[in-house]
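Heads up, the thing below is written out as structure tokens.
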2 protein chains.
Amino acid sequence: MTSTDQGRRAVRPTRQRRAVAAALAGFDDFRSAQEIHDLISQQGDSVGLATVYRTLSALADAGEVDMLRNEDGEAIWRSCSDAHHHHLVCRTCGATVEVEGPAVERWTNAIASEHGFADISHTLEIFGTCPACR
Amino acid sequence: MTSTDQGRRAVRPTRQRRAVAAALAGFDDFRSAQEIHDLISQQGDSVGLATVYRTLSALADAGEVDMLRNEDGEAIWRSCSDAHHHHLVCRTCGATVEVEGPAVERWTNAIASEHGFADISHTLEIFGTCPACR
DNA sequence: GAGTGTTTGACAATGGTTCTCAAAAGAGGT
DNA sequence: ACCTCTTTTGAGAACCATTGTCAAACACTC
Ligand SMILES: [Zn+2]
Ligand SMILES: [Zn+2]
Ligand SMILES: [Zn+2]
Ligand SMILES: [Zn+2]
């Protein structure tokens, strides 16, 4: 084992994981796992649906993609910037705008500690109809 | 038909709907439909699960209960106050505090119209560990 | 190339939610 | 009480996104 502990727990850059990453790079709106799976097929690649789910979950854990739930409770995914942010999402076409709200972050933390809650997380998403879908 | 159009589209106060309402009144934290169904059974009543779902959905449409999704995407329900508000929810025991954030409401609307989005809705929930569950 | 732990994918299984539709129950009039 | 019309119910099937299974394929190291 080298100093950086390579060799174990390695994440291998497989064809499948590259295909998922490529698909994610190909759009900038939120999509379901099934849609991403379909996109990969259309690009000529073939990746099992279970692998798509596994890869998306891993990327989300690594902070490379954001996962949120649409109004029907389905998980939707998108490659996002590193910084903490929220989303303005078109209910119809999925078009997404990343938004930041420092004031909101402060507010949620204040409210939580005010009530003695620890280990805070929060969800804040805005849904609407974008100009193109009016 | 009388002037107020009674007689059609009436919502009937059945035993089942009363049982769901009673169960909702019996706790002040968010619960899943299944849990509410179980609570009703424990109270001696018997209501079909489908009816529990139907009743909860109707109450949610009427604005009498709030429905949100836990971190697993499951719908959870709670009888809530009328005014628009958000929730601080204990991830462990479901204990809930209703919170209001006028500034947040203004902020989401401003962001949305700034980007030309219409027909806005938003979700904002805070999850954490309550003092009792530390 | 052999050895070893990782990754994959076809398919089954899970589990929350909705659908189906015949039977039961409320409302109202007679 | 009886009849009629509409609403509601519930047992079970159907749905469908997501996760589990596990043997075969693969990537990496030596
Ligand atoms: Zn994002
Ligand atoms: Zn749109
Ligand atoms: Zn509420
Ligand atoms: Zn708690």
Side-chain angles (χ1 to χ4, degrees), chain A residues 1-23 30-41 43-62 65-78 94, chain B residues 1-23 30-41 43-62 65-78 94:
Chain A
M1 296 150 220
T2 68
S3 59
T4 49
D5 207 5
Q6 300 169 355
R8 58 159 112 151
R9 203 198 308 183
V11 175
R12 297 175 180 169
T14 62
R15 173 183 66 78
Q16 290 85 345
R17 296 209 246 249
R18 258 177 275 119
V20 172
F30 276 92
R31 301 294 182 89
S32 71
Q34 306 258 10
E35 288 175 321
I36 293 170
H37 179 252
D38 292 346
L39 282 175
I40 293 172
S41 300
Q43 291 177 0
D45 273 305
S46 172
V47 178
L49 181 58
T51 299
V52 172
Y53 273 104
R54 279 187 291 243
T55 304
L56 288 173
S57 298
L59 288 172
D61 287 345
V65 308
D66 282 355
M67 182 270 265
L68 60 88
R69 295 187 181 275
N70 65 18
E71 290 176 333
D72 295 327
E74 300 174 336
I76 51 180
W77 318 71
R78 176 182 189 264
Chain B
M1 290 147 227
T2 67
S3 58
T4 50
D5 206 4
Q6 300 169 356
R8 58 158 111 152
R9 203 198 306 187
V11 175
R12 297 175 181 169
T14 62
R15 173 182 67 78
Q16 289 85 343
R17 297 210 246 250
R18 258 177 274 121
V20 172
F30 277 91
R31 300 293 181 90
S32 71
Q34 307 256 9
E35 287 176 321
I36 293 170
H37 179 253
D38 291 346
L39 282 176
I40 293 172
S41 300
Q43 292 176 359
D45 273 306
S46 172
V47 178
L49 181 57
T51 299
V52 173
Y53 273 104
R54 278 187 292 242
T55 304
L56 288 173
S57 299
L59 288 172
D61 287 347
V65 308
D66 282 354
M67 182 271 267
L68 60 88
R69 295 187 181 275
N70 66 18
E71 289 175 334
D72 295 327
E74 300 174 337
I76 51 181
W77 318 73
R78 176 182 189 264

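Quick caveat: nothing in here was measured; it's all calculated off a predicted structure. Values below: all heavy atoms of this structure, side chains included; hydrogens, waters and symmetry mates excluded. Convention: sequence-line order gives letters A, B, ...; per-chain numbering from 1.
- Contact between the side-chain N/O atoms of A:Thr14 and the OP1/OP2 oxygens of C:dT7 is not found at any separation under 4.0 Å.
- The side chain of B:Val47 lies closest to D:dG10 when the candidates are C:dG9, D:dG10, D:dA27.
- Among the nucleotides D:dC28, D:dG10, C:dT7, the one closest to the side chain of B:Thr51 is D:dG10.
- A:Phe30 places its CZ atom 19 Å from the P atom of D:dA17, with the value rounded to the nearest Å.
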Below 3.5 Å between N/O atoms, which protein atoms pair up with nucleotides 15-20 of chain C? Just atom names and distances, please.
| from | atom 1 | to | atom 2 | distance (Å) |
| --- | --- | --- | --- | --- |
| C:dG16 | OP2 | B:Gln34 | NE2 | 3.3 |
| C:dT17 | OP1 | B:Ala75 | N | 3.0 |
| C:dT17 | OP2 | B:Tyr53 | OH | 2.5 |
| C:dT17 | O5' | B:Tyr53 | OH | 3.4 |

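- In this entry the distance linking CZ of A:Arg15 with P of D:dA27 reads 9 Å, nearest Å.
- Using modelled atom types and a 3.5 Å distance limit, the side chains of B:Arg54 and B:Ser57 yield no donor-acceptor pair.
- Atom OG1 in A:Thr55 sits 12.0 Å away from atom CZ in A:Arg18 (nearest 0.5 Å).
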Handout entry: Full working for side chain to side chain contact (heavy atoms under 4.5 Å, CB included) between A:Glu71 and A:Arg69
Key = CA-CA 7 Å; A:Glu71 290 176 333; A:Arg69 295 187 181 275; over 6 Å; no

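- Applying the 4.0 Å criterion to OP1 and OP2 of C:dT8, one finds that A:Arg17 has a side-chain N or O inside that range.
- Contact annotation: A:Gln16 does not reach the phosphate of C:dT7 (side-chain N/O to OP1 or OP2, under 4.0 Å).
- Distance, B:His37 NE2 to D:dA11 C1': 11 Å, rounded to whole Å.
- For A:Arg78, the salt bridge (Lys or Arg N to Asp or Glu O under 4.0 Å) partners two or more places apart in sequence, or in a different chain, are A:Glu98.
- Rounded to a whole Å, the CZ atom of A:Arg12 is 12 Å from the C1' atom of C:dT8.
- Atom CG in B:Leu49 sits 10.5 Å away from atom CD1 in B:Ile36 (nearest 0.5 Å).
- The closest side-chain heavy-atom distance from B:Arg31 to B:Leu39 is below 4.5 Å.
- To the nearest angstrom, C1' of C:dT8 lies 14 Å from CG of A:Asp45.
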Exercise for the section: Start with the C-alpha distance between B:Asp45 and B:Arg15, add both sets of side-chain angles, then the distance that settles side chain to side chain contact (heavy atoms under 4.5 Å, CB included), and finish with yes or no. Expected result: CA-CA 9 Å; B:Asp45 273 306; B:Arg15 173 182 67 78; 3.9 Å; yes

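- Residue contacts shown for A:Ser46 are limited to sugar-phosphate atoms, with no base heavy atom under 4.0 Å away.
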